[in-house]
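As the structure lists them, so they are numbered: ligands from 1, and atoms in each ligand from 1.
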Amino acid sequence: MNPRSTKATPRTGWNFDNSYARLPGALHVRMSPEPVRAPRLVLFNRPLAGDLGLDPETLAGEQGTAVFAGNRIPAGAEPLAQAYAGHQFGHFTMLGDGRAILLGEHVTPAGERFDIQLKGAGQTAFSRMGDGRAALGPMLREYLVSEAMHALGIPTTRSLAVASTGESVYREDALPGAILTRVAASHIRVGTFQYAASLGDRQVLQALFDHTLHRHYPELATAANPAAALLRAVVERQASLVAQWQLVGFIHGVMNTDNMSLCGETIDYGPCAFMDAYAQDTVFSSIDQHGRYAYGNQPYMAQWNLARFAETLLPLLHAEEEQAIALAEESLLSFADAFQRFWLSGMRGKLGLFTREDGDLELVQELLACMQAIHADYTITFRDLTASVLADSPVFQDAACAQWHTRWQARLARQPQSGEDVRRLMQERNPVAIPRNAFVEEALRAAVENGDYAPVERLLMAVSRPYEDGPDQAAYRTPPPPIAGYKTFCGT
Ligand code: AMP
Ligand code: MG
């Protein structure tokens with residue numbers, strides 16, 4: 001058990017042990033959140049608080065409000081802003097937590113360690129021209145979508161609370177301000193390594209490397225070449241993560257290297273969105289004018305980011321640069337196979353396939369081509385296919401798509417599992433309720449414009465059990481008419 005556990009306050013349950021704060025000072029700047037005028041706790045994740053070993057009752061009141069707004073530092077926290085760099089849309093920049101403060105690492109009663117970060121907590125040493133603040137809408141959006149991702153079974157940062165600040169933030173208009181409390185296995189990014197490497201100080205890079213290995217991949221500490229092993233493991237986790245995004249139609253929107261977490265969690269919900277009609281080139285983000293982070297590009301961009309990560313590790317991979325590059329390339333090349341393996345295995349599940357056949361990849365590709373041709377809704381199509389297993393009902397009007405349906409049924413008939421088994425597997429793998437743009441926007445509008453949180457709570461309830469098809473999901477089952485020219489905006 002962690003030696004600092006005596007620090008735990010019995011009433012709130014905070015139990016901080018801040019290993020990142022003990023890393024070399026070049027990696028962070030100690031600083032506290034800026035207090036806000038009139039904090040109000042507008043969303044609080046009681047189940048998550050409970051899982052973390054915090055006391056939901058106490059934190060739902062004044063104690064939690066003060067902490068989640070940045071007005072009070074909980075005992076044991078050592079607040080800081082993390083330094084990092086990153087490639088933003090391909091261009092290298094020095095960044096850092098410009099509007100986030102890491103309170104510290106909370107260790108749960110089970111011994112798990114989580115970063116507790118306040119996003120929108122005021123200006124820091126890394127704010128550049130920014131105000132360090134966040135608007136209420138985008139923070140509610142991150143809360144909704146990150147919790148939906150978690151419920152879908154996809155690794156992600158979590159959202160513990162949103163506190164409104166009673167202050168305005170000035171974007172194009174004056175907007176209500178808010179702070180999100182984000183919970184993450186860590187906030188170590190590809191960009192953190194890029195920053196450390198850019199300093200040209202071997203000791204700082206080594207310290208960050210040791211910290212990351214120990215924290216997220218302790219089993220690799222005894223590997224013959226720990227840097228090569230870490231790179232391989234990070235490649236594997238990212239391949240798995242992006243495969244899971246593709247399988248649910250999630251578009252991150254801003255896959256800059258500072259938004260790729262080394263522990264393999266989805267991080268930084270800015271202009272993200274779920275795809276409605278299936279199309280490889282789907283882009284929502286208003287700032288992604290060239291479609292760099294389009295749905296179909298996500299695996300390639302992940303691999304590009306991993307190459308930037310590999311570059312930072314070269315001095316640790318091998319003393320001879322040529323050998324280091326060869327090792328890096330070998331690991332990077334494993335991405336494509338790993339991605340394909342995770343993705344095809346996930347697609348088999350979505351199509352109710354328990355067995356493997358050589359033609360499965362083609363079967364999946366033909367379905368996707370059909371869907372793209374007829375602009376089929378991605379999520380609904382898989383649910384309709386699920387329903388068709390026992391009902392034997394037609395899913396497609398289009399002749400080519402109907403032919404595909406017949407081939408798929410023949411494929412199902414070649415495996416020993418019953419129709420009931422197939423239906424059950426498909427129900428577990430194909431969500432009913434996802435946070436589609438139109439639902440999210442409608443819910444956010446009620447909260448931001450009228451202070452009515454009922455629609456946010458309703459949507460949250462539905463997407464928290466995305467594979468169920470009960471009364472909570474009913475209103476979110478069918479897609480609303482798409483919003484013409486819908487754009488998502490960066491979460492500022
Ligand atoms: P993001 O697009 O949220 O990943 O942020 C990219 C960079 O911009 C990070 O270094 C953020 O800390 C910084 N940033 C975003 N919004 C603000 C803001 N309102 N004030 C200061 N820095 C910001
Ligand atoms: Mg970011």
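Within the 4.0 Å heavy-atom cutoff, Ser127 counts among the residues contacting ligand 1. A heavy-atom separation below 4.0 Å is found between Asp97 and ligand 1.
In plain terms, the two heavy atoms of Arg436 and Thr379 that are nearest each other are NH2-CB, 3.6 Å.
Under 3.5 Å, the side chains of Glu147 and Asn45 contain a donor-acceptor pair of N or O atoms. Looking only at atom types and distance, the side chain of Asp115 has a donor-acceptor partner in the side chain of His187 under 3.5 Å away. Checking Ser159 against Ser146 by side-chain atom types alone, a donor-acceptor pair falls below 3.5 Å. Residues Asp258 and Tyr195 have side chains that never bring a donor and an acceptor to within less than 3.5 angstrom of each other.
Here is the list of ligand 1 atoms found below 4.0 Å of a heavy atom in Gly132: 18 (C), 19 (N), 20 (N), 21 (C). Near Asn259, with a cut-off below 4.0 Å to any heavy atom, the atoms of ligand 1 are 4 (O). Heavy-atom contacts of Arg128 reach the following atoms of ligand 1: 7 (C), 8 (O), 10 (O), 13 (C) (cutoff under 4.0 Å). Set against the non-hydrogen atoms of Arg133, the atoms of ligand 1 under 4.0 Å away are 19 (N). Per-residue contacts place Gly130 under 4.0 angstrom from the following atoms of ligand 1 (heavy atoms of the residue considered): 20 (N), 21 (C). Under a 4.0 Å criterion applied to the non-hydrogen atoms of Arg171, ligand 1 contributes the atoms 19 (N).
For the Mg ion (ligand 2), the set of nearby N, O or S atoms under 2.8 Å includes one belonging to Asn259. Taking 2.8 Å as the criterion, Asp258 does not count as a coordinating residue of the Mg ion (ligand 2), since none of its N, O or S atoms falls below it.
Between Glu236 and Arg341, at least one side-chain N (NZ, or NE/NH1/NH2) sits under 4.0 Å from a carboxylate O, which counts as a salt bridge. Ion pairing of Asp268 with Arg182 is present here, as a side-chain N (NZ or NE/NH1/NH2) and a carboxylate O approach within less than 4.0 Å.
Nearest residue to atom 9 (C) of ligand 1 from Tyr269, Phe126, Tyr84 is Tyr84 (criterion: closest heavy atom).
Contacts between Gln88 and ligand 1 below 4.0 angstrom, taking non-hydrogen atoms only, involve the side chain exclusively.
Among the atoms of Gly98, some N or O lies under 3.5 angstrom from an N or O of ligand 1. Any N or O atom pair closer than 3.5 Å counts here, and Gly96 shares at least one such pair with ligand 1.
Using a 30° and 60° split on the angle between ring planes, Tyr378 and Phe382 fall in the perpendicular class, above 60°. Using cut-offs of 30° and 60° for the angle between ring planes, the His252 and Phe250 rings count as perpendicular.
Distances from the Mg ion (ligand 2) to each N, O or S atom of Asp268 single out OD2 as the nearest.
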